Trainee: 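Here you go, one structure.
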Amino acid sequence: HAEAKKDFKVGWSIYVGWMPWGYAMDHGIVKKWADKYDINIELVQFNDYIEGINQFTAGAYDGVMATNMDALAIPSAGGVDSTILVIGDYSDGNDAIILKGKDKLEDIKGQKVNLVELSVSHYVLARALENIGMSEKDVTVVNTSDADMIAAYATPDVTAMVTWNPMVAEILKEKDAYNVYDSKKLPGEIQDSLVVNTQTMKDNPAFAKAMTGIWYETMALMSGGDAAAEAAKAAMGEASGTDLAGYEEQLAATKMFYTPEGYIGFTEGNLAELTQFVSKFLFDHGLLGQDATSPDYIGIELADGTVVGNADNVLLRYTTEYAKMAAEGKL
Amino acid sequence: MRRLINRQPDVVVRFGLMLIPFIAVVIAYMIASEARLSANPNDKLLPGWSTIAAAIERMAFLPDQRTGSYLLLQDTISSLTRLGIGVAVATLIGGIFGVLQGLIPYFRATFSAFTGVLSMIPPLAVLPILFIVFGLGELAKVVLVAVGIAPFIIRDLALRTEEIPHEEIIKAQTLGASTWQIILRIVVPQMLPRLIDGVRLSLGAAWLFLIAAEAIASDSGLGYRIFLMRRYLAMDVILPYVAWITLLAFTLDFALRLFQRIAFRWMYRGN
Amino acid sequence: MRRLINRQPDVVVRFGLMLIPFIAVVIAYMIASEARLSANPNDKLLPGWSTIAAAIERMAFLPDQRTGSYLLLQDTISSLTRLGIGVAVATLIGGIFGVLQGLIPYFRATFSAFTGVLSMIPPLAVLPILFIVFGLGELAKVVLVAVGIAPFIIRDLALRTEEIPHEEIIKAQTLGASTWQIILRIVVPQMLPRLIDGVRLSLGAAWLFLIAAEAIASDSGLGYRIFLMRRYLAMDVILPYVAWITLLAFTLDFALRLFQRIAFRWMYRGN
Amino acid sequence: MTRVTVENVWKVYGDQTVLESVHLEIEPGSFIALVGPSGCGKSTFLRMMLGDEAPSRGRILLDGVELDAEPSPDRGVVFQKYSVFPHLTALQNVMLGLEFAASPVMARLFGKAKRKAKTEALDMLNCVGLGHAVRKYPSELSGGMQQRLAIAQALIKKPKILLLDEPFGALDPGIRAEVHEILLRLWREEGMTVFMVTHDLSEAFKLGTRVIAFDRVRTRPEEMKAYGATVTFDLKVDGKSVPPRPELREQLAAAAQ
Amino acid sequence: MTRVTVENVWKVYGDQTVLESVHLEIEPGSFIALVGPSGCGKSTFLRMMLGDEAPSRGRILLDGVELDAEPSPDRGVVFQKYSVFPHLTALQNVMLGLEFAASPVMARLFGKAKRKAKTEALDMLNCVGLGHAVRKYPSELSGGMQQRLAIAQALIKKPKILLLDEPFGALDPGIRAEVHEILLRLWREEGMTVFMVTHDLSEAFKLGTRVIAFDRVRTRPEEMKAYGATVTFDLKVDGKSVPPRPELREQLAAAAQ
Ligand SMILES: Nc1ncnc2c1ncn2[C@@H]1O[C@H](COP(=O)(O)OP(=O)(O)OP(=O)(O)O)[C@@H](O)[C@H]1O
Ligand SMILES: Nc1ncnc2c1ncn2[C@@H]1O[C@H](COP(=O)(O)OP(=O)(O)OP(=O)(O)O)[C@@H](O)[C@H]1O
Ligand SMILES: [Mg+2]
Ligand SMILES: [Mg+2]
């Protein structure tokens with residue numbers, strides 16, 4: 001059932017790769033593109049990342065900024081057919097395992113590890129342990145709110161933690177903090193994306209076009225290397241509670257796709273393999289739903305139309321259709 | 001030697017004694033802060049006075065570079081608006097349901113068990129549900145505050161209403177009053193000051209819910225700022241904000257008490 | 001036609017009326033759930049009864065695959081332990097400070113303004129400080145609960161202590177009692193049941209602080225589970241957990257009331 | 001002028017019989033003083049007269065008609081406490097009865113109607129000697145003034161019957177005497193029937209035209225629950241001229257303990 | 001046997017003078033009945049006797065020695081309400097005074113000492129006719145029983161002076177008479193000096209060996225604050241044999257209003 005509508009709500013939260021959205025909202029870029037397609041787009045900031053995804057899953061929002069893993073685990077596993085419209089970046093060091101006073105990953109054995117359970121941090125930990133032949137059984141995971149990571153690190157009984165930027169940067173300033181493993185070693189596995197409701201997208205191509213347009217215009221501005229780019233990045237840094245230098249530091253740990261071509265190229269790589277790591281982690285932690293019998297329970301449709309996993313239950317899709325339009329200047 | 005219970009400090013001594021714990025806290029803070037700062041001059045946990053003063057100036061007296069607004073002012077307005085609307089809604093609901101539940105046996109039979117159970121549900125636990133049902137806008141925050149305190153206000157007011165001497169209700173009936181007239185002229189006027197008591201008692205919880213709601217979804221507000229700053233452990237901002245919230249809470253409580261005294265003179269006249 | 005206030009439902013009607021709001025909620029849930037599930041059979045927001053039943057079975061009656069323990073049991077034990085210790089500590093502090101503050105003028109002059117201010121500070125806002133000072137372990141959670149409710153208990157008990165008729169204190173003195181003896185034999189025994197009232201009143205807040213603390217850093221507990229499950233919107237687990245917490249809160253309240261009745265018969269004898 | 005008939009009235013709470021087989025025939029315009037030991041059911045009897053409680057058996061008739069099963073303006077009442085509304089001034093307390101009758105929805109009068117009600121209420125307040133305190137709240141009035149206010153408030157509805165439950169129990173003897181005078185005057189002027197419960201025998205004989213004592217006949221502990229109190233003495237007196245015979249007084253005093 | 005001397009005692013609260021120039025010389029073993037209108041300062045006087053309040057001017061001497069500035073066991077007291085401890089049984093209430101004296105830290109007795117105290121307390125309870133109710137809590141006792149308990153509790157300390165503030169004000173007349181007898185008997189046996197405030201003149205004359213009335217001499221409203229009450233009547237009577245002259249009684253009645 002086609003349902004064309006005019007008002008769209010998209011949630012975003014503070015994270016290095018998503019700050020451009022806030023900037024676009026504050027500086028009229030969102031309005032410009034919305035006007036162009038004669039729709040209204042409201043970008044709403046969530047203090048709590050997960051709440052935004054929940055809202056999206058419950059149907060209150062048309063799109064949300066999320067990682068591929070959370071998109072699969074929450075809306076898709078919740079039966080909401082979701083599409084990754086744009087991958088803005090992948091984490092290239094933003095997520096890190098930090099040990100206090102120890103500098104080797106192996107030293108984590110037997111420790112209590114503070115992290116946001118079932119989040120990307122958890123995934124990083126699982127992948128890291130897997131790489132050195134350990135498993136989660138070798139550590140004790142303590143669920144800790146992301147807002148309190150820095151405070152938590154300051155307490156004596158916290159000796160190991162997994163978290164993301166800007167907390168990582170802040171914590172690594174401590175003398176005894178060692179980054180023993182980070183997402184540089186998992187290139188492309190943690191994708192920060194704009195996820196939209198597939199049905200909404202199909203019914204409202206204008207929405208998809210406008211969002212894509214907003215993103216790449218902001219990206220162009222940001223990567224310009226001129227004074228305007230500096231000013232934009234400074235504003236983004238400010239909004240995330242740090243300054244230009246701090247923001248640049250975070251960007252350095254982020255592989256941004258400043259151009260549509262970058263994103264298209266990424267999807268043509270080993271995306272199928274990457275998604276399987278994520279599916280496996282989610283399955284192992286029961287996050288694909290109680291009915292899931294294997295990591296392949298939910299099918300993922302790649303940009304070229306091939307399906308990874310169960311073709312009868314495709315609930316997460318990658319699309320480059322609109323990025324291609326942007327690349328061709330057809331938006 | 002008189003017994004300790006019979007010894008009354010005079011005004012001057014009383015004032016001095018009152019200051020002691022406050023001064024003790026300040027001194028303890030200074031010592032701890034000094035110690036930490038001498039170990040690590042960049043320590044953020046217990047910032048020195050000058051750092052705090054700078055933060056206060058930045059938040060309260062200088063316009064924000066990004067938005068040009070005064071952050072403390074803007075946060076305060078946001079939070080107080082939400083709190084005000086939430087508390088007002090809860091007061092209205094609490095007033096109506098409380099009076100009816102306390103006065104009318106059929107109403108009480110229908111709702112008292114239900115509000116009893118409602119008031120036992122910890123609102124923080126249903127926070128996720130509330131957000132999902134009411135969205136993440138201003139509405140959800142207001143609803144959380146209202147939902148959080150309304151059951152308490154209802155139950156408190158229903159109890160107070162039941163405490164109205166049965167004699168008064170009988171007397172009103174012998175004067176020919178209908179149920180509606182009793183509510184309007186006898187019960188509601190006597191319950192308004194009690195309602196204020198109930199609201200005062202639940203203000204603490206209201207602040208709590210507001211802060212919790214702002215922590216999850218917001219782009220301004222005192223709770224939002226504290227949780228945002230928590231990510232960076234910017235205690236130089238958090239501490240003044242906590243002090244400010246405390247002051248606001250105190251002022252609100254005082255204002256309600258004052259209003260009660262002025263608006264309901266009959267309670268305070270005579271003895 | 002008798003006035004509405006004079007009409008009393010009989011026992012059967014009363015029971016029926018009592019059920020109405022509960023049944024209404026259940027029906028409303030069923031309709032909404034049905035509607036959502038027919039649109040999306042995997043919908044997690046309002047799961048059907050069978051899904052909820054399965055979740056209950058999984059959490060309560062089947063050992064967890066990873067750890068082999070019964071999650072609901074383990075969460076309940078963790079939470080109740082923390083709550084119990086926190087409340088016990090607050091009760092002890094509240095009892096001692098409350099009685100002294102209510103009875104001894106010098107003590108009151110020193111501490112009443114301070115506890116007044118303390119009780120206005122929203123504990124959620126100072127969480128980071130508590131964590132740093134008390135660590136992230138069990139201690140911090142217990143302390144948060146204790147710190148959260150102790151000021152209220154102190155103030156409540158101090159008020160109750162002040163309400164002891166002056167005549168009783170005079171009488172005790174004419175019987176030769178010292179301050180200490182008055183505390184021991186007159187004030188404390190009469191304040192114990194009041195203290196229980198104070199604890200009952202603050203149990204709601206205690207649950208709140210416990211859940212908040214567990215949401216921030218924990219590896220078990222009812223609040224932990226709810227906030228963890230929130231990460232993937234597992235309402236089939238969250239809803240039974242909320243119901244369970246409500247039941248626990250209700251039971252605790254009931255147990256305290258029962259204890260009060262049994263232990264302090266003098267309050268309930270006679271009229 | 002109203003005739004009250006009490007026909008074989010019983011009152012049972014659960015398994016406790018409070019009153020049993022009370023029969024009374026009250027002449028119009030009587031001033032009935034009810035005495036009896038504490039807990040014998042005097043207040044219960046008054047509550048049944050009010051309609052606040054229903055008799056378990058038997059019935060009460062006003063001029064031959066069974067009385068309303070709930071309080072109504074034909075039966076005014078003054079209790080020992082809580083008879084006036086603390087949130088209203090003396091004047092507002094007295095006007096209330098007029099406002100209820102004239103304004104069903106707002107329960108308030110405005111303009112001319114209000115002025116008229118006010119005049120009437122002021123007259124009533126002057127009658128009970130509260131003309132100087134019309135703007136005061138009850139908490140600013142002494143106990144005696146409060147009870148006078150309660151009487152004024154009840155009388156503005158011109159009730160056929162006035163019920164008083166130990167109305168002066170909490171007053172000083174001197175103040176009591178003063179209120180007695182006012183009450184007697186108003187009773188004579190209004191011609192209503194008065195029922196007054198009192199613990200004070202001299203008050204009963206001073207004011208009443210008829211003194212009725214309730215008491216239990218069976219007082220063995222094991223009988224206490226099953227048997228209630230009933231009328232044990234019923235004396236027509238003229239308290240102002242004929243003091244009761246001393247032996248009788250003693251008997252009554254014993255009954256009242 | 002204690003002689004009480006009240007020397008020019010004044011009591012001023014803020015700018016309100018409550019009592020002024022009270023002079024009294026009380027013979028050992030007197031039974032003083034204090035009467036006077038409400039608010040004239042009777043309770044205030046009693047509180048000064050207790051040591052709960054200090055006189056603003058003047059002093060009170062017991063056998064020539066200024067009295068303790070706080071309540072002490074040589075002056076027992078019974079108030080109208082709250083004189084007994086609700087959380088203790090009748091027996092515990094009476095034993096309390098003995099336990100305070102013998103056990104400074106625990107305020108409890110054990111073993112033999114406890115048994116001895118218990119015997120003494122039981123005797124006292126029998127004296128006031130509460131031998132059958134020793135295990136009951138005050139809330140289970142009637143008003144009259146509670147006041148008898150309060151008296152027993154006070155007397156176990158063998159006070160030189162017993163202060164009573166309207167002790168029987170809330171009791172039924174019959175019960176009152178019963179407690180009067182007990183009080184008179186104990187007063188005679190113990191030989192203590194009794195001060196009793198009462199509103200009931202016949203009670204004052206029935207019990208007192210001396211009736212003292214407090215009243216204000218200046219009653220013009222503008223003078224009310226600046227001038228306090230003082231002793232206006234002081235009659236040595238023997239209530240048991242010589243009733244006071246009727247005119248005097250009337251005067252007193254007027255003063256008491
Ligand atoms: N609602 C009720 N339910 C059960 N028992 C009641 C109720 N109301 C009164 N009683 C009982 O009925 C008896 C008579 O009570 P009532 O108040 O009529 O006595 P009373 O004669 O007015 O006494 P008093 O002189 O103390 O006022 C008492 O034993 C009381 O316990
Ligand atoms: N602590 C106080 N502070 C100020 N005024 C007081 C205080 N205690 C008593 N008063 C005033 O002193 C006056 C006398 O009070 P008191 O209680 O002694 O009177 P009383 O003779 O015992 O009256 P009653 O017969 O009503 O008991 C009253 O006007 C009262 O308001
Ligand atoms: Mg009665
Ligand atoms: Mg007095």
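Letters go in sequence order (proteins before strands), and every chain restarts at 1. This is a predicted model, so every value here is computed, not measured.
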Trainee: List the atom of C:Met18, the atom of B:Ala113, and the distance in Å for their closest heavy-atom pair.
Mentor: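 Scanning both residues completely, I find the closest heavy atoms to be CG-CB, 3.5 Å.
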Trainee: So which part of B:Ile238 gets closer than 4.5 Å to some heavy atom of chain C, the side chain, the backbone, both or neither?
Mentor: side chain
Trainee: Pick from B:Ile121, B:Leu46, B:Leu201: which one has the most heavy-atom pairs with chain C under 4.5 Å?
Mentor: B:Ile121
Trainee: Identify the heavy atoms of B:Pro21 and C:Thr110 that sit nearest to each other, and give their distance.
Mentor: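 Where B:Pro21 meets C:Thr110 most closely, the heavy atoms are CG-O, 3.2 Å.
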Trainee: Using non-hydrogen atoms only, which part of C:Ala243 is less than 4.5 Å away from chain B: side chain, backbone, both, or neither?
Mentor: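 Contact with chain B is absent: no heavy atom of C:Ala243 under 4.5 Å.
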Trainee: Report the C-alpha distance between B:Leu4 and C:Phe107 in whole Å, list the side-chain angles of each, state the deciding distance to 0.1 Å, and finish with yes or no for side chain to side chain contact (heavy atoms under 4.5 Å, CB included).
Mentor: CA-CA 10 Å; B:Leu4 202 51; C:Phe107 198 95; over 6 Å; no
Trainee: Specify which of C:Gln8, C:Arg230, C:Gln173 makes the most heavy-atom pairs with chain B at under 4.5 Å.
Mentor: C:Gln173
Trainee: Among C:Pro105, C:Ser112, C:Ala249, which residue has the highest count of heavy-atom pairs closer than 4.5 Å to chain B?
Mentor: C:Pro105
Trainee: If you count the non-hydrogen atoms of other residues, nucleotides and ligands that lie under 6.0 Å from CZ in C:Phe254, is the total more than 12?
Mentor: no
Trainee: Measuring from C:Arg14:CZ to B:Tyr106:OH, what's the distance to the nearest 0.5 Å?
Mentor: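 Here the interatomic distance stands at 10.0 Å.
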Trainee: Among C:Leu203, C:Ile104, C:Ile5, who wins on heavy-atom pairs under 4.5 Å with chain B?
Mentor: C:Ile5
Trainee: Verify the neighbour count for atom CZ of C:Phe22: are there more than 12 heavy atoms of other residues, nucleotides or ligands below 6.0 Å?
Mentor: yes
Trainee: For chain C, find which of B:Ile20, B:Thr179, B:Asn6 contributes the most heavy-atom pairs closer than 4.5 angstrom.
Mentor: B:Thr179
Trainee: Taking OH in C:Tyr29 as the centre, count heavy atoms belonging to other residues, nucleotides or ligands within less than 6.0 Å. Is the count above 12?
Mentor: yes
Trainee: Picking from C:Trp180, C:Phe152, C:Phe114, which has the most non-hydrogen pairs under 4.5 angstrom with chain B?
Mentor: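 Among C:Trp180, C:Phe152, C:Phe114, the one with the most close pairs to chain B is C:Phe114.
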Trainee: Could you tell me which portion of B:Leu103 (side chain, backbone, both or neither) has an atom closer than 4.5 angstrom to a non-hydrogen atom of chain C?
Mentor: both
Trainee: Count the heavy-atom pairs under 4.5 Å between each of C:Trp207, C:Phe227, C:Phe250 and chain B, then report the option with the highest count.
Mentor: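 The option with the most such pairs is C:Phe250.
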Trainee: So what's closer than 4.5 Å to chain C heavy atoms on B:Leu239: side chain, backbone, both or neither?
Mentor: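 Interface part for B:Leu239: side chain.
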Trainee: Counting only heavy atoms closer than 4.5 Å, note whether B:Ile169 contacts chain C via side chain, backbone, both or neither.
Mentor: side chain
Trainee: Return the option, out of C:Leu208, C:Val117, C:Asp253, C:Leu247, with the maximum number of heavy-atom pairs under 4.5 Å with chain B.
Mentor: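 Among C:Leu208, C:Val117, C:Asp253, C:Leu247, the one with the most close pairs to chain B is C:Leu208.
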Trainee: If we define contacts as heavy-atom pairs under 4.5 Å, which of B:Ala109, B:Gly116, B:Ala32 has the most with chain C?
Mentor: B:Ala109
Trainee: Contact part of C:Ala205 toward chain B, heavy-atom cut-off under 4.5 Å: side chain, backbone, both or neither?
Mentor: neither
Trainee: So which part of B:Phe209 gets closer than 4.5 Å to some heavy atom of chain C, the side chain, the backbone, both or neither?
Mentor: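 Interface part for B:Phe209: side chain.
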